[in-house]
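Taking it in order: structure first as structure tokens, then the write-up.
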Amino acid sequence: MLVPANADDYRQLAKKRLPKQFFDYLEGGSYNEHTAQANITAFNNVQLRQRVLQDVSKRSSAHQLLGKPVAMPIALGPVGLAGLFARRGEVQAARAASAAGIPFCESTVSLCSIEEVAAASKGELWFQLYMLKDRGYAKELLERAHTCGIEVLVFTVDLAVLGARYRDTRNGIAGAQGFRAGLARARDLLSHPRWLVNVAIKGKPLVFGNLQAAVPNAKSLPAFKHWVDQQFDDSVTWQDLEWVRQHWPGKIMLKGILDASDASIAADMGFSAIAVSNHGGRQLDSVPATIHALPAIVDAVAGRCEVLVDGGIRSGLDVVKALALGANGCLLGRAWAYALAAQGEQGVTNLMATFKAEIDVAQALTGCTTIAQINRDIVIANNGWSETTKKFSK
């Protein structure tokens, strides 16, 4: 492959360049991965209504997300361990997002700390957090993010417990890690010398930058794992979110909403936005694809808060489909991580340019010169999604 043309091309390059254990961590879903695959298939099943002979000579993909202007209705969503995909990966991705005129969301379990990313990027930054059992440290993280000038908190609500990711088990990342598993992992790393030099050696320190103060004696990622695993809180309720609001002065997006009733509660409570998400199919398998869940959620919130969506978005055409079904914008996950693993910052920059070009073509050939004009009229009901969203049949 001379020049990668789309997200799938970057995926193929990422698979070659990353050790198998890290590519599988990025690629894999939970259990049998039905939902992870369904996210992609569901987008493919949504068809656009092509319109012709309309004046579309003046088009714009400019939009607003959470009150801020963006060059297109996209944000780079939180991806844990992105610093394993390229040297200081979160910094590179944040720079690419800034160049593209879109936000970058820093994950709690990023290798680069929020301070490092904020110092390296001039663009819009968001911060992702889930409810830690250690409320004192959660409060400290919120204060650090606010000090860095971040105004949007993406609060993940679908991590009460951790879904089993069998690829990680097979690769020795999760579960029992005996001698044989360690040997196999070492062999996997050594078989990728380019990654070993560029990321593992030159990209040090390979630790969770946002969590170093919580686990000060940890010198490696496995040393952090026990603390992180103990922090998932299965007692959290809607009432606990008041604690988050008390300690965060900015806007809050709840990420992990998949049910219209939950979406309505979030809107009633006055949250700025929700992200329709099944965690990329990495939590509960066999739940609906996000594009299937989206329309009912949009109807339930009825404009009371912004609605973003993630899961299975691999192109600018997918972004337009999500907007047509009511989303205000999209969070990208694996797509930008593939590009980062394949070609670093330049890969993410190039992929975002591809997304923007794809959005532009879709706008032109559906007769939409602005993002605001994209609505349900430009999609055609079909069996891939109309059974759960019958309202869209025109």
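- Between W336 and F104, a ring centre-to-centre spacing shorter than 6.0 Å is recorded.
- Side-chain contact, Q231 with Y130: no donor N or O sits under 3.5 Å from an acceptor N or O.
- In this model, no donor atom of one side chain and acceptor atom of the other lie less than 3.5 Å apart for S113 and Q212.
- Side chains of D24 and N171: a donor-acceptor N/O pair is present below 3.5 angstrom, by distance only.
- Salt-bridge formation is not detected for the pair R314/D318: no Lys NZ or Arg NE/NH1/NH2 atom is positioned less than 4.0 Å from an Asp or Glu carboxylate oxygen.
- In this structure, D188 CG and L196 CG are separated by 10.5 Å, a value rounded to the nearest 0.5 Å.
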Chi angles and distances behind the salt bridge (Lys or Arg N to Asp or Glu O under 4.0 Å) call for R376, D299 = CA-CA 12 Å; R376 294 178 181 179; D299 289 344; 2.9 Å; yes
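- Taking a cutoff of 4.0 Å between a charged side-chain nitrogen and a carboxylate oxygen, D360 and R59 qualify as a salt bridge.
- Look at K68 and E151 and you find a salt bridge, because one of the NZ, NE, NH1 or NH2 atoms lies within 4.0 Å of a carboxylate O, short of that distance.
- With hydrogens and angles disregarded, no donor-acceptor distance shorter than 3.5 Å links the side chain of E306 to the backbone of S272.
- The side chain to side chain contact (heavy atoms under 4.5 Å, CB included) test with F23 singles out one residue from K16, R11, H192, and that residue is R11.
- The closest donor-acceptor contact from the side chain of E90 to the backbone of G83 lies under 3.5 Å.
- Ring pair Y137/W227 is perpendicular by interplanar angle, where above 60° counts as perpendicular and below 30° as parallel.
- Taking the centre of each ring, F22 and W195 come in below the 6.0 Å mark.
- In this structure, the side chain of S98 does not engage the main chain of A94 through any donor-acceptor pair within 3.5 Å.
- A distance-only check finds a donor-acceptor pair linking the side chain of Q92 to the backbone of E345 [under 3.5 Å].
- In this structure, N278 and P288 have side chains that are not in contact, with every pair of non-hydrogen atoms separated by 4.5 Å or more.
- Using a 4.0 Å cut-off between charged nitrogen and carboxylate oxygen, R282 and D168 do not count as a salt-bridge pair.
- Counting only distance, with no hydrogens or angles, the side chain of K202 and the backbone of V197 share no donor-acceptor pair below 3.5 Å.
- No more than 12 heavy atoms of other residues, nucleotides or ligands lie within 6.0 Å of NE2 in H146, so this atom counts as exposed by the packing criterion.
- Remark: side-chain polar atoms of N39 are paired, donor with acceptor, to backbone N or O of T290 under 3.5 angstrom.
- Judged purely by atom type and a 3.5 angstrom limit, K251 uses its side chain to pair as donor or acceptor with the backbone of L66.
- Looking at D285 and H34, their side chains never bring a donor and an acceptor atom within 3.5 Å of each other.
- Its side chain within the 4.5 Å cluster rule, Y31 clusters with Y166 among the Ile, Leu, Val, Met, Phe, Trp and Tyr residues.
- With respect to the salt-bridge test (charged N to carboxylate O, under 4.0 angstrom), the residues R165 and E33 do not qualify.
- Taking OG of S315 as the start and CG of N6 as the end, the distance is 8.5 Å to the nearest 0.5 Å.
- R17 forms no cation-pi arrangement with F85, by the criterion of a distance under 6.0 Å to the ring centre and an angle within 45° of the ring axis.
- Of the possible donor and acceptor atoms, none in the side chain of S264 sits under 3.5 Å from a partner among the backbone N and O of V301.
- A salt bridge links K255 with D310: the closest approach of a Lys/Arg side-chain nitrogen to an acidic carboxylate oxygen falls below 4.0 angstrom.
- Using a 4.5 Å cut-off on side-chain heavy atoms (C-beta onward), F208 and V215 make no contact.
- Atom CD of E124 is separated from atom CD1 of I150 by 9.0 Å, given to the nearest 0.5 angstrom.
- Counting only distance, with no hydrogens or angles, the side chain of T147 and the backbone of E143 share a donor-acceptor pair below 3.5 Å.
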